[in-house]
Colleague: 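First the structure, then my questions, so here it is.
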Amino acid sequence: MAEIHYADPTLRRKLAWGIALLLIVTLFSQRLFVRFTDWVAEDSKQIEERVDYLIGAIAIAFAPLFLFGYYAWKTGSVIVVVKRFPSPKMKVIFDTVILKGQKAVLRGRLMQLVGAILWGIAISFPIAFGYIIKSIINNS
């Protein structure tokens, strides 16, 4: 019979509150971003100077991906070391079958890959956005 890592009963409630808070922050940020983009486009003579602010705002919007990427990388590293998924100290929201050995190591490496991909997105998207916006402004 497979071993089970039992769910933490309080974690679901914390997760629901976290998602609700994230939704509120996202809605507020969206309204703020619309006002910000209107300000950037307000004066066509200063748009080249203000576009750097827009690129900075995009970089700030993607900054949380660094934290999520670090968490995924660190969790994957722990799983690779202990060769157990989920790791003994990890809290889960559902009862989870414990994987050991090579299957757990593979899962840990996949989590590290996800972390690296999130870092790549957090870096490349604002840079690509900057190049695209600046090329559009220079061509018009």
Side-chain angles (χ1 to χ4, degrees):
M1 188 168 170
E3 290 182 66
I4 302 291
H5 190 96
Y6 292 102
D8 181 9
T10 61
L11 192 60
R12 286 186 192 173
R13 197 170 317 114
K14 289 178 184 177
L15 183 63
W17 280 108
I19 290 172
L21 180 64
L22 181 66
L23 180 64
I24 291 168
V25 168
T26 302
L27 292 173
F28 176 73
S29 298
Q30 184 180 11
R31 287 181 166 243
L32 188 63
F33 191 73
V34 167
R35 288 184 182 173
F36 182 72
T37 54
D38 289 344
W39 172 77
V40 168
E42 183 178 272
D43 187 6
S44 62
K45 295 175 185 170
Q46 294 182 342
I47 197 161
E48 288 183 32
E49 298 157 5
R50 292 181 177 180
V51 77
D52 291 333
Y53 293 118
L54 184 61
I55 294 167
I58 294 294
I60 289 170
F62 277 90
L65 290 181
F66 280 111
L67 298 175
F68 296 135
Y70 175 76
Y71 175 76
W73 182 272
K74 194 70 172 167
T75 303
S77 298
V78 169
I79 291 167
V80 167
V81 169
V82 298
K83 293 180 173 58
R84 180 182 187 268
F85 178 82
S87 66
K89 294 182 181 179
M90 185 184 286
K91 294 180 180 181
V92 294
I93 58 173
F94 297 109
D95 293 345
T96 306
V97 176
I98 296 173
L99 301 177
K100 292 184 179 181
Q102 193 59 32
K103 288 183 179 180
V105 170
L106 178 63
R107 186 74 54 100
R109 295 282 183 218
L110 286 173
M111 288 188 76
Q112 287 179 317
L113 177 64
V114 167
I117 289 170
L118 289 175
W119 286 336
I121 290 170
I123 293 169
S124 63
F125 274 40
I127 291 171
F129 180 79
Y131 282 128
I132 291 168
I133 291 296
K134 286 184 178 183
S135 71
I136 290 171
I137 289 172
N138 290 335
N139 291 335
S140 59

Colleague: Any side-chain heavy atom of F68 within less than 4.5 Å of one from P64?
Modeller: yes
Colleague: Donor-acceptor pair, distance only, cut-off 3.5 Å: does the side chain of D95 make one with the backbone of A7?
Modeller: yes
Colleague: Just wondering, do E3 and K100 contact through their side chains at under 4.5 Å, heavy atoms?
Modeller: yes
Colleague: Please tell me if the side chains of I123 and F66 come closer than 4.5 Å, counting only heavy atoms from C-beta onward.
Modeller: yes
Colleague: So for atom CZ, which belongs to F62, do other residues, nucleotides or ligands contribute more than 12 heavy atoms lying within a distance under 6.0 Å?
Modeller: yes
Colleague: Between L27 and Q30, does a side chain to side chain contact (heavy atoms under 4.5 Å, CB included) hold up when you go through it step by step?
Modeller: CA-CA 5 Å; L27 292 173; Q30 184 180 11; 4.2 Å; yes
Colleague: Identify the two heavy atoms, one from P126 and one from A59, that lie closest to each other, and give their separation to 0.1 Å.
Modeller: CG-CA, 3.8 Å
Colleague: Counting C-beta onward and ignoring hydrogens, is there a side-chain heavy-atom pair between R109 and V80 closer than 4.5 Å?
Modeller: yes
Colleague: Is the closest side-chain heavy-atom distance between I4 and V97 below 4.5 Å?
Modeller: yes
Colleague: Within this structure, what is the CG-NZ distance for the pair L106 and K103, rounded to the nearest 0.5 Å?
Modeller: 10.0 Å
Colleague: Answer yes or no: is there a donor N or O on one side and an acceptor on the other, between the side chain of H5 and the main chain of F94, under 3.5 Å?
Modeller: no
Colleague: Any chance you could lay out the side chain to side chain contact (heavy atoms under 4.5 Å, CB included) test for F33 and I58, step after step, and finish with the verdict?
Modeller: CA-CA 9 Å; F33 191 73; I58 294 294; 3.7 Å; yes
Colleague: Passes side chain to side chain contact (heavy atoms under 4.5 Å, CB included), I117 versus I121? Steps please.
Modeller: CA-CA 6 Å; I117 289 170; I121 290 170; 3.9 Å; yes
Colleague: Among the clusters formed by ILVMFWY side chains lying less than 4.5 Å apart, do Y53 and V51 turn up in the same one?
Modeller: yes
Colleague: Rounded to the nearest 0.5 Å, what's the gap from CZ on R84 to CD1 on I79? Could you check?
Modeller: 10.0 Å
Colleague: State whether the side chain of W73 and the backbone N or O of Q112 hold a donor-acceptor pair below 3.5 Å, judged by distance alone.
Modeller: no
Colleague: Just so I know, are the side chains of P88 and V82 near enough to count as touching, which here means a heavy-atom distance under 4.5 Å?
Modeller: yes
Colleague: Please report the interatomic distance CD1(I60) to CD1(I55), rounded to the nearest 0.5 Å.
Modeller: 12.5 Å
Colleague: Report yes if some heavy atom in the side chain of I93 is under 4.5 Å from a heavy atom in the side chain of L15; otherwise report no.
Modeller: yes
Colleague: Can you tell me how far OG of S29 sits from CD1 of I24, rounded to the nearest 0.5 angstrom?
Modeller: 11.5 Å
Colleague: Looking at OG1 of T75 and CZ of F85, how far apart are the two atoms once the value is rounded to the nearest 0.5 Å?
Modeller: 9.0 Å
Colleague: Has S135 got a side-chain atom pairing as donor or acceptor with I132's backbone, closer than 3.5 angstrom?
Modeller: yes
Colleague: Which atom pair, heavy atoms only, marks the closest approach of P86 to M90?
Modeller: CB-SD, 3.5 Å
Colleague: Using the rule given for side chain to side chain contact (heavy atoms under 4.5 Å, CB included), can you reason through K134 versus D52, listing the C-alpha separation, both sets of side-chain angles and the distance that settles it, and then say yes or no?
Modeller: CA-CA 9 Å; K134 286 184 178 183; D52 291 333; 3.3 Å; yes
Colleague: Nearest 0.5 Å please: distance from the CZ atom of F129 over to the CG atom of L54.
Modeller: 4.5 Å
Colleague: Does the separation of the ring centres of W119 and Y70 fall below 6.0 angstrom?
Modeller: no
